Amino acid sequence: MPNYDYDIGVIGGGAGGLTVTAGAAQLGAKTLLVEKENELGGDCLHFGCVPSKTLIKSAHVYYLMKNSRKFGLPSMDLPPVDFREISKRIRSVIATIQHHDSKERFCKLGAQVEFGQPTFADEHSIRLNGNTYSAKTWVIATGSSPVAPPIKGLDKTPHITNKEIFFLDRLPASMVILGGGPIGSEMSQAFNRLGTRVSLVDMAPRILGKEDPDMADLVRDVLSSEGVKFYLDSAIEEVRDLGSEKEVRIKTKEGNTVCLKAETILVAVGRGANTNGLGLEDIGVEYTHRGIKVDHRLRTNHKHIYAAGDINGGYQFTHAAGYEGGIVVSNAIFRLPRKVDYTFLPWCTYTDPALGSIGMNESSAGKAGIEYKVWTEEFKENDRSLAEGESIGKIKMILNEKEKPIGVQILGPHAGDLLAEWVAVLNGKVKLSTLAAAVHPYPTIGEINKKVAGTFFSPKIFSKKVQKGLKFFFQLKGRACAEDVCSE
Ligand SMILES: Cc1cc2nc3c(=O)[nH]c(=O)nc-3n(C[C@H](O)[C@H](O)[C@H](O)COP(=O)(O)OP(=O)(O)OC[C@H]3O[C@@H](n4cnc5c(N)ncnc54)[C@H](O)[C@@H]3O)c2cc1C
């Protein structure tokens, strides 16, 4: 049996790679982690979730200050935003979390951490900084990067991506965002709230294309009402550098040509897998531009090489990468043949209101040919939402033909947090009646979860049939006032 230097080698120190490293090292596997940057944490910590949510919070506070009268407070004459201060806050939040993702922490857990850009020398070893490291099992977790779309002139026109947007040294006066996915949508609202004039262009007819149209359209309506200008169903024809301004020429659905001018262009049209430089071709690991091909156990075509996180082109979320890291540990270290199951993988787009989703939505249930029914509850019926001034949105609970919940969509305040209860209900196969009967604290926004489950049972419990039965058995006397009197 060959004698390898390590039991497991992990390439990429982001959410996926760190999960595998921590798990494997703590289970006693001799673990090597290789990261190409100087710090661990990956995109989520440095250019993704953490900076975006920190920026969104600053934008939200500024927006509340500008709208203080809505809360019965005096109006304020606010100075413009100094973006360097926001960047400073972003850097400080990243630095705090960085301690958790430090080389020292992983060293304490028992892993060896090396920085540099590795290349596979053969199926079991990499070359790194002039040395060779071999491992019985390898995990590729190198994440993804923003894709540069083939738009005429874009390569000659300065533009930014998620790598630069959080660290600008001043707030752009205007911005054209290419792409209406989660990143484009979140950033359009945040920058608009901070004072940038934002236009968003997408070739699709709606933003957030994976979501149900009614929910996505509601997000767009809110963003529009705040001032974001949308150019949907529009083809980007050319981008030009005009010096202090950039021009984006688009053709609308109606065939009109529109020239949008802005100080900054943000490109957020999708992500491509970070496969460059790994030498995957040389060892025959199969991949496309979307990602490395894996089976249900996240094994590549070489069964001892796994690919977890954004790199495999699946669900591109930090929690998905973490989940996949756990699957790899089960398969590679415990040798338990565990398959991935994304049935109840939740996600959330952190616009305000936020749009969270778990399980099937109407679109995916329809595509799967499932006969479903939708139960909804609006946030304007929730007492706490009204008190908070957050009454836009609704929750949709989707039941299959057996009246079992198969998915929930929430558009409203703290949608991501509200999903947590559904994570437990759906994964734990908790009965809807249990959720509907469980006491929730009042007044909370979370009561909406109980309420929507209750709306399913109400017509059954308060039916004529039940009334008739109770009348028969217990001689109940029926209505105390005539129906027509109530409507007067
Ligand atoms: C703006 C933005 C906002 C986001 N917001 C959210 C959110 O709110 N919630 C959410 O769940 N997800 C969010 N995401 C997605 C999330 O960041 C990714 O899904 C997550 O980071 C994927 O983890 P990963 O481990 O696969 O890759 P990464 O975290 O990107 O880690 C990959 C690591 O591999 C390293 N690497 C790359 N190539 C090599 C190489 N050749 N050799 C060695 N190391 C290499 C990289 O430097 C990096 O450290 C957001 C993304 C962006 C861009």
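Just so it is clear, the model here is predicted, and its values are computed rather than measured. First listed ligand is number 1; within each ligand, the first listed atom is number 1.
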(message) Side chains of Ser144 and Asp310 only: does a donor on one sit below 3.5 Å from an acceptor on the other?
(response) yes
(request) Output the list of atoms in ligand 1 that are nearer than 4.0 Å to some heavy atom of Pro118, sorted by atom number. (result) 42 (N), 43 (C)
(request) Distance to 0.1 Å, residue and atom name: give those for the protein heavy atom nearest to atom 31 (O) of ligand 1. (result) Gly14 CA, 3.2 Å
(message) Taking the basic N atoms (NZ, or NE/NH1/NH2) and the acidic carboxylate oxygens, is any pair closer than 4.0 Å for Asp241 and Lys156?
(response) no
(message) Please list, in number order, the atoms of ligand 1 under 4.0 Å from a heavy atom of Ala141.
(response) 32 (C), 33 (C), 34 (O)
(request) For the pair Asp82 and Arg84, find out whether any cationic side-chain nitrogen is under 4.0 Å from an anionic carboxylate oxygen. (result) yes
(message) Which residue and atom name correspond to the protein heavy atom nearest atom 4 (C) of ligand 1, and how close is it?
(response) Cys49 N, 3.5 Å
(request) Check each atom of ligand 1 against the heavy atoms of Tyr350 and keep those under 4.0 Å away; list them by number with element. (result) 8 (O)
(message) Considering non-hydrogen atoms of the protein only, which is the closest contact for atom 27 (O) of ligand 1, and what is the distance?
(response) Gly143 CA, 3.3 Å
(message) Less than 4.0 angstrom from a charged side-chain N to a carboxylate O is my criterion; do Glu378 and Lys394 meet it?
(response) no
(message) I want to confirm something. Looking only at heavy atoms, which of Ile126, Thr142, Asp43 is nearest to atom 36 (N) of ligand 1?
(response) Thr142
(request) Quick one: closest heavy-atom pair of Glu324 and Tyr342, and the distance? (result) OE2-OH, 2.6 Å
(message) Out of all atoms in ligand 1, which are within 4.0 Å of some heavy atom of Cys44? Include the element for each.
(response) 17 (O), 21 (O), 29 (O)
(message) Quick check: Gly41 and ligand 1, any N/O pair under 3.5 Å apart?
(response) no
(request) Could you check atom 47 (O) of ligand 1 against the protein and tell me its nearest heavy-atom contact, residue, atom and distance included? (result) Glu35 OE2, 2.6 Å
(request) Kindly identify the option in Thr161, Leu278, Thr318 whose heavy atom sits closest to atom 10 (C) of ligand 1. (result) Thr318
(request) Go through the side-chain N and O atoms of Ser174 and Glu263 and say whether any donor and acceptor fall under 3.5 Å apart. (result) no
(request) Tell me yes or no: between the side chains of Gln316 and Trp347, is some donor less than 3.5 Å from an acceptor? (result) no
(request) Decide side-chain hydrogen bond (donor to acceptor under 3.5 Å, both in side chains) for His440 and Glu421; before the verdict, give the C-alpha distance in whole Å, the side-chain angles of both, and the deciding distance to 0.1 Å. (result) CA-CA 11 Å; His440 286 56; Glu421 191 167 23; 2.7 Å; yes
(message) Among all protein heavy atoms in this structure, tell me which lies nearest to atom 43 (C) of ligand 1, with the distance rounded to 0.1 Å.
(response) Lys36 N, 3.4 Å
(message) Does ligand 1 come near enough to Asp310 that some N or O of the ligand is less than 3.5 Å from an N or O of the residue?
(response) yes
(request) If you have a sec, work out which protein heavy atom is nearest atom 53 (C) of ligand 1 and how many Å separate them, to one decimal? (result) Asn162 ND2, 3.2 Å
(request) Examine Lys53 against ligand 1 and note whether any of their N/O atoms are separated by less than 3.5 Å. (result) yes
(request) Find all atoms of ligand 1 within a distance of less than 4.0 Å from any non-hydrogen atom belonging to Gly16, and give their numbers and elements. (result) 25 (O)
(request) Decide, yes or no, whether a salt bridge links Glu362 with Lys396 under the criterion of side-chain N to carboxylate O below 4.0 Å. (result) yes
(request) Compute whether any side-chain donor of one residue and acceptor of the other, for Ser224 and Asp221, lie under 3.5 angstrom apart. (result) no
(message) Measuring from atom 3 (C) of ligand 1, which candidate in Ala354, Ala320, Gly48 has the nearest non-hydrogen atom?
(response) Gly48
